[in-house]
Student: 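Sharing a structure here in structure tokens format.
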There are 2 protein chains.
Amino acid sequence: MKNKPDEEANEEPARKRRGSGRATIHDVARLAGVGSITVSRYLKKNGYVSAELGERIDAAVAQLNYVPNLVAGGLASSRGKVVGMVVPNISGPIFASTIQSFNDTLNRHGYQVLLASSYFSAEQEENAVRAFLGWSPAALVVTGRFHTKGTEAMLAGAGIPVVETWDYHPRRKPIQVGYSNHEVGAQAARHLLSKGYKRIAFVQNSVAGDLSAIDRRDGYAAVLEEHGLEPWTYAPTEAAPFDAGRQALEALTRGRRKADAIVFANDNLAAGALLASQRAGLQVPQRCALMGFGDYAFSSLLLPSLTTIRPPGREIGEIAAQRILQALGELPDDGKPARLNLLGCELVEREST
Amino acid sequence: MKNKPDEEANEEPARKRRGSGRATIHDVARLAGVGSITVSRYLKKNGYVSAELGERIDAAVAQLNYVPNLVAGGLASSRGKVVGMVVPNISGPIFASTIQSFNDTLNRHGYQVLLASSYFSAEQEENAVRAFLGWSPAALVVTGRFHTKGTEAMLAGAGIPVVETWDYHPRRKPIQVGYSNHEVGAQAARHLLSKGYKRIAFVQNSVAGDLSAIDRRDGYAAVLEEHGLEPWTYAPTEAAPFDAGRQALEALTRGRRKADAIVFANDNLAAGALLASQRAGLQVPQRCALMGFGDYAFSSLLLPSLTTIRPPGREIGEIAAQRILQALGELPDDGKPARLNLLGCELVEREST
DNA sequence: TTGTAGGCGTTATCAA
DNA sequence: TTGATAACGCCTACAA
């Protein structure tokens with residue numbers, strides 16, 4: 001009904017009917033005495049705007065405390081400044097550093113990261129990717145190479161850069177940033193062989209769906225076979241990692257055939273075994289050497305400290321972000337291969353081997 | 001130039017000049033033979049849409065693989081389905097579980113979380129909040145109560161729910177979800193007093209800017225004074241936590257006056273001290289008891305295992321998300337106090353005390 | 001219960 | 001170098 005007498009003479013910007021109430025690019029343009037498109041051009045530093053207008057715009061922005069509305073910008077350009085990232089989980093010891101470095105690197109360039117956790121479920125991953133698509137993301141990041149058909153279709157059809165992290169598979173289409181789990185398993189086996197161990201077992205992850213551990217086992221098995229030794233895999237039935245580690249240790253050291261070294265799918269399992277060995281009075285590494293994977297925060301603090309393999313978590317996040325920024329033209333090409341980024345894992349030798 | 005002959009007779013939807021190419025609500029409406037506003041109403045399940053039209057819309061959505069454009073929706077309603085969260089860091093052992101539960105809870109209700117890390121810097125926090133504002137967030141979450149003037153002004157002026165997490169201060173305006181660091185310090189002191197320790201020292205955090213540790217020290221000091229004992233605070237100069245812990249242990253056990261129990265600002269410092277004590281042959285807890293704060297993943301694995309206080313990280317994230325959803329009308333009021341959410345910390349008694 | 005008109009704040013396009 | 005105009009895709013207000 002708007003029956004208020006008009007107050008157009010007010011100094012305040014005219015009340016909008018719906019908006020958020022914040023200053024818009026038009027307010028800035030009016031105050032600076034230029035067209036709004038000139039403000040837009042100046043603020044994104046593309047196109048040409050004279051120094052004089054630039055100063056007037058700067059002053060208006062400061063006076064109005066103007067913050068560009070990125071939602072509107074994303075809609076207009078159909079290319080939002082967001083990047084979606086799906087990880088198995090956020091709080092675990094594994095992916096946290098990747099998330100951190102990925103987020104920080106993209107934030108620095110004005111991009112926001114949308115996060116979702118899949119909990120190792122391909123269906124949850126698909127839901128997350130679908131949700132991300134609603135944000136018109138500039139790029140998408142997923143973990144590993146195992147996706148549902150629906151996810152694959154969405155990733156392929158999105159027409160934006162897609163990065164697969166952690167698990168490196170050069171023959172896949174998306175940008176790869178990761179390391180070879182097969183090689184990690186081989187690294188572990190070679191390390192133990194070089195220390196003279198002969199009866200080397202591998203303990204699977206108790207968490208179903210951790211397919212990367214299977215690749216590590218295959219790498220371990222390949223090296224053992226090269227050396228004429230028979231691979232020996234144990235799959236725990238206990239669900240909790242520490243319990244599974246204890247179970248595996250008992251099974252592999254108390255039977256008729258005794259392992260003299262055990263490679264665990266991750267440091268959690270290895271820690272469970274290490275604690276169990278102390279309680280049982282089994283000397284590590286004299287009676288049986290143990291090693292893990294992941295180099296979790298506690299691994300150097302155990303007694304004996306745990307030999308493990310450190311995956312390049314921070315580097316993965318940073319390089320993934322860089323490759324995305326390059327693909328989006330936000331960062332100059334550095335001449336390195338853009339699609340295939342194979343990183344190495346560091347074997348951290350400590351007391352348990 | 002577009003000199004191609006027109007191909008308007010094609011069955012494909014007409015090529016748009018700018019759009020993302022994905023199906024829009026209008027495509028769905030056309031296919032279902034309804035108005036686009038009806039599709040909108042049906043999909044958000046408010047307003048009334050007949051069952052028959054609903055089915056036709058469902059079919060069209062499935063056929064076109066339609067994903068609503070949340071950017072456009074956010075712009076139109078000036079109320080985006082995003083929530084911004086600033087934490088000191090993402091990958092540390094402290095905030096990861098809060099981020100995880102916060103993110104998961106909001107994701108489940110169709111909201112996306114934008115993350116930024118402040119690294120304990122109020123200026124970086126201000127930058128993050130300003131960046132978030134560009135997304136017209138539905139709510140904002142910050143950590144602690146120490147902000148710049150600019151941040152305070154933005155939070156107050158945003159006109160959206162604001163949550164302060166971790167540090168609980170009932171007299172502040174924003175929604176509070178956290179625990180009392182003062183009480184944590186008191187808890188630690190009471191625990192050690194109850195075990196008979198008398199010369200109890202407190203070791204500050206070596207990281208500047210961790211103001212929560214100062215509150216814990218004050219709580220510790222208050223309890224000691226209540227019992228007629230003099231507080232004794234040590235501030236390490238080493239930057240790395242483990243080194244700082246070792247330094248503190250040496251200073252507090254080798255001087256003329258010897259501590260018989262030490263409260264550390266966090267478990268990292270305590271772990272550094274614990275490892276140093278083993279090397280030095282100092283019996284823990286017989287010669288000196290040690291306790292930390294945080295209950296990090298390694299704390300139960302140390303030898304002796306570390307007594308510590310577990311902050312409710314997961315609960316903080318979940319309750320913060322619930323309060324936000326309630327404030328936004330997405331979740332029914334559960335009758336609990338909406339603004340003040342004081343959670344308790346659990347003292348985890350282990351071998352080191 | 002359904003539809004029409006128009007605005008949300010920005011950027012792409014094209015003209016000056 | 002600058003500006004007018006028309007999208008971008010959806011939602012609010014109001015009408016039928």
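Chain A is the first sequence line, chain B the second, and so forth, proteins listed ahead of strands; every chain is numbered from 1.
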Student: Taking all non-hydrogen atoms of both residues into account, name the closest pair between Arg41(B) and Val49(B) and its distance.
Tutor: CB-CG2, 4.1 Å

Student: Under a plain distance cut-off of 3.5 Å, with no hydrogens placed, do Ser121(B) and Ser118(B) share a side-chain donor-acceptor pair?
Tutor: no

Student: Name the nucleic acid region contacted by Val49(A), choosing base, sugar-phosphate or nothing; use a 4.0 angstrom heavy-atom cut-off, strictly under.
Tutor: sugar-phosphate

Student: Output the residues of residues 31-43 of chain A in contact with DNA chain C, where contact means a heavy atom of the residue under 4.0 Å from an atom of the strand; sort by number or write none.
Tutor: Ile37(A), Ser40(A)

Student: Side-chain N or O of Ser50(B) less than 4.0 angstrom from OP1 or OP2 on dT2(C)?
Tutor: yes

Student: Can you pull out how bent the helix from dT1(C)-dA16(D) to dA16(C)-dT1(D) is, comparing the axes over its first five and last five pairs, to 10°?
Tutor: 30°

Student: Where is the tightest heavy-atom contact between Phe132(A) and Ala116(A), given as atom of each residue plus distance?
Tutor: CZ-CB, 3.7 Å

Student: Whole angstroms only, please: what is the CD1-P distance between Ile25(A) and dT5(D)?
Tutor: 17 Å

Student: Tell me which residues in residues 53-65 of chain A lie within less than 4.0 Å of DNA chain D, going by non-hydrogen atoms.
Tutor: Leu53(A)

Student: How long is the line joining OH of Tyr66(A) and C1' of dG9(C), in whole Å?
Tutor: 8 Å

Student: Do you know which two heavy atoms are closest between His169(B) and Asp167(B), and how far apart they sit?
Tutor: NE2-OD1, 3.5 Å

Student: Determine all donor-acceptor pairs shorter than 3.5 Å in which one atom belongs to a side chain in residues 314-323 of chain B; sequence neighbours excluded.
Tutor:
residue   : atom : partner   : partner atom : Å
Arg314(B) : NH1  : Glu318(B) : OE1          : 2.6
Arg323(B) : NE   : Pro337(B) : O            : 3.3
Arg323(B) : NE   : Asn341(B) : OD1          : 2.9
Arg323(B) : NH1  : Gln326(B) : OE1          : 3.1
Arg323(B) : NH2  : Asn341(B) : OD1          : 3.2

Student: Would you indicate which nucleotide in dC11(D), dA12(C), dG9(C) comes nearest to any side-chain atom of Ser77(A)?
Tutor: dA12(C)

Student: Using whole Å, report how far NE2 of His26(B) lies from P of dC8(D).
Tutor: 9 Å

Student: Specify the residue among Ala72(B) and Gly74(A) whose closest nucleotide of DNA chain C lies further upstream toward the 5′ end.
Tutor: Ala72(B)

Student: For Arg79(B) and dC10(D), what is the distance between atoms CZ and P respectively, to the nearest whole Å?
Tutor: 19 Å

Student: If every non-hydrogen atom of Thr143(B) is compared with every non-hydrogen atom of Val86(B), which pair is closest and at what distance?
Tutor: OG1-O, 2.9 Å

Student: What is the separation between atom CG on Leu75(B) and atom C1' on dT12(D), rounded to the nearest whole Å?
Tutor: 13 Å

Student: Anything under 3.5 Å between a donor and an acceptor, one on a side chain of residues 57-70 of chain A, the other on a protein residue two or more places apart or in another chain? List them.
Tutor:
residue  : atom : partner  : partner atom : Å
Asp58(A) : OD1  : Tyr42(A) : OH           : 3.4
Asp58(A) : OD2  : Tyr42(A) : OH           : 2.7
Asn69(A) : OD1  : Val71(A) : N            : 2.8
Asn69(A) : OD1  : Ala72(A) : N            : 3.0

Student: Rounded to whole angstrom units, what separation is found between the CD atom of Glu52(A) and the P atom of dT2(D)?
Tutor: 9 Å

Student: Using whole Å, report how far CH2 of Trp135(A) lies from P of dG9(D).
Tutor: 16 Å

Student: So which atom in Gly80(A) and which in Tyr111(A) form the shortest heavy-atom distance, rounded to 0.1 Å?
Tutor: O-CE2, 4.4 Å

Student: For Gln112(B) and Leu115(A), work out which heavy atoms get closest and say how close.
Tutor: OE1-O, 3.7 Å

Student: Please list all pairs meeting side chain to side chain donor-acceptor pair (under 3.5 Å) that have one or both residues in residues 80-90 of chain B, counting only residues at least two apart or in different chains.
Tutor: Lys81(B)-Glu330(B)

Student: Among Val177(B), Val142(B), Thr98(B), which residue meets the side chain to side chain contact (heavy atoms under 4.5 Å, CB included) test with Trp166(B)?
Tutor: Thr98(B)

Student: Within this structure, what is the CG-to-C1' distance between Asn69(A) and dG7(C), rounded to whole angstrom?
Tutor: 14 Å

Student: Taking atom types as modelled and ignoring hydrogens, do the side chains of Tyr119(B) and Asp104(A) form a donor-acceptor contact shorter than 3.5 angstrom?
Tutor: yes

